[in-house]
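These notes are about the structure you will find just below.
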There are 2 protein chains.
Amino acid sequence: MAKPGSPSQLTERSRGRSAETRRTLVTAAVTTLQEVGFGGASARAIAERAGVPQGLVFYHFGSVANLLLAALDAVSAERLAHYGEALAGVESPQDLVAAARDVFTEDLDAGYVTVLVEMIAGASSTPGLGPEVAQRIRPWIDFTREAFTRQLGGSPLGAVVPAADVAYGIVALYLGLEMLSHLDGDRRPALALFAHAANLARLLEALT
Amino acid sequence: MAKPGSPSQLTERSRGRSAETRRTLVTAAVTTLQEVGFGGASARAIAERAGVPQGLVFYHFGSVANLLLAALDAVSAERLAHYGEALAGVESPQDLVAAARDVFTEDLDAGYVTVLVEMIAGASSTPGLGPEVAQRIRPWIDFTREAFTRQLGGSPLGAVVPAADVAYGIVALYLGLEMLSHLDGDRRPALALFAHAANLARLLEALT
DNA sequence: GTCTATACTTGGATAGAC
DNA sequence: GTCTATCCAAGTATAGAC
């Protein structure tokens, strides 16, 4: 049961091919989660999208769950990097809310958060998956905490409520909004909330 | 393909038996969703818990999805009735937050919201399920909107933010918190948020 | 090391027995 | 009208070919 990627006996050709197959499968796993959810993300469904035989899922990842976790890793890395860029120019709570709204819209359009939501919900039905998913969410909460601390740590709000708790709540809200918006295909209620948040941010700035 | 419950040819005995089988299946569907999620809620898994043969799922409900929707209906009805009672004695924003916290704890303990979350996430993988689930969530949002309007409609917050938007956000937050708390089995971060909300409610009351 | 063909299991659904 | 025996599709996983 040799793991792929082991160093011995690898030709240039086979090494490159393996890596590409893995990449293809990971990409296909992401789109499968987006299109048919965790429940529909079988080895067959993913492999078909990837254009490779179904057995390769098990050869390269050992199980469907592992492949889905790899997909989650890929999306997390991609998004966190992007969030970092999006927040680079932020200099006020108002900017922060605006950036959050833009990022939310992107996430919804591209279905990035769907992947996360499906994995969280799906974790209930696959033994051992829960902790793995939980671990992969922590960076999102940490990122949010830091962004909040930077822009609002010194404000009246930051004085009353610990950043860690707020960050947890914001991520929860983000996931919930994604879930509801995705469910009925209407993002307007969610975007309305961002607009109100912008108003409150303006109000808060006026106080300081 | 006669639907059960048709009036003709029914003995007292058979009518009672059918209703009881349906009830048993619905209850089993709820616990199955709670224990193994949407992905694990197969006709066989549910029927085993109900102690009835698997084919009865299709006889009585036509499909697994229909049975799961019936389970969601049962939970929704039960919870909305209970929420109504819990809010009967509420006379201030502070009371409202306290009641919400109690209800949240109950929901988490009994796994009621898990059913909802699993159905929302699972809707992605079953064609046609989305709208059905969306329809069943609307009452939760309406209920929240009314509760908010009653206690905070006249406050500064109510003046700035439309109740409908807030209600949507609160339900989203509620679902997200349930999802995260359930995932890593730690409800403390969520409960901390309710504590902060209580403080803010107190603050708001001081202003009015 | 990489991948394909095949074994085995579980699940949805229904034809027909009671 | 109610339920059971059975069928077929879809899923996971691996033994063995290249």
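All chains are named by letter (A, B, ...) in the order of the sequence lines, taking the proteins before the strands, and each is independently numbered beginning at 1.
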Exercise. Would you name the heavy atoms of Ile141(B) and Ala167(B) that are closest together and state the gap between them?
Key: O-CB, 3.6 Å
Quiz item: In whole Å, what is the span from the CZ atom of Phe61(A) to the C1' atom of dT2(C)?
Solution: 14 Å
Exercise. Take atom CZ of Arg22(A) and atom P of dC3(C), then tell me their distance rounded to the nearest Å.
Key: 11 Å
Quiz item: Looking at side-chain heavy atoms only, is the closest gap between Ser76(B) and Asp73(B) below 4.5 Å?
Solution: no
Self-check item: N or O in side chain of Ser63(B) less than 4.0 angstrom from dA13(C) OP1/OP2
Solution: no
Practice problem: For the side chain of Tyr59(A), starting at C-beta, report the closest nucleotide among dG12(C), dC3(D), dG1(C). | Solution: dG1(C)
Practice problem: Report which part of the nucleic acid Val64(A) touches: base, sugar-phosphate, or nothing (heavy-atom distance under 4.0 Å, all strands). | Solution: sugar-phosphate
Quiz item: Does Ser18(A) place a side-chain N or O at less than 4.0 Å from the phosphate oxygens OP1/OP2 of dT2(C)?
Solution: yes
Quiz item: Hey, does the side-chain of Gln54(B) have a donor or acceptor N/O within less than 3.5 Å of a partner on the base of dA13(C)?
Solution: yes
Quiz prompt | His60(A) side chain, from C-beta outward: closest of dG11(D), dG11(C), dC3(C) | solution = dC3(C)
Self-check item: Atom-to-atom span, CZ of Phe38(A) to P of dG11(D) - whole angstrom
Solution: 13 Å
Self-check item: Spacing between Leu129(B) atom CG and dG12(C) atom P, to the nearest angstrom
Solution: 14 Å
Quiz item: How long is the line joining CG of Leu25(A) and P of dT12(D), in whole Å?
Solution: 13 Å
Quiz item: Can you check the Arg23(A) CZ to dT2(C) P distance for me, whole Å?
Solution: 13 Å
Quiz item: So does Ser42(B) get a side-chain nitrogen or oxygen closer than 4.0 Å to the phosphate oxygens (OP1/OP2) of dT10(C)?
Solution: no
Practice problem: Go through dC3(D), dT4(C), dT12(D) for me and flag the one nearest to the Leu56(A) side chain. | Solution: dT4(C)
Quiz item: Judged by atom type as modelled, is there a donor-acceptor pair below 3.5 Å linking the side chain of Gln34(A) to the main-chain atoms of Ala110(A)?
Solution: yes
Quiz item: Does CD in Glu48(A) sit with more than 12 non-hydrogen atoms of other residues, nucleotides or ligands closer than 6.0 Å?
Solution: no
Exercise. Side chain of Arg44(B) only, please: which of dA13(D), dT12(D), dG12(C) is the nearest?
Key: dG12(C)
Quiz item: Hey, what's the ring geometry for Tyr174(A) with Phe104(A), parallel, tilted or perpendicular (30° and 60° as the breaks)?
Solution: perpendicular
Quiz item: Of all the nucleotides listed (dT14(D), dT4(D), dT4(C)), which has the minimum atom distance to the side chain of Phe58(A)?
Solution: dT14(D)
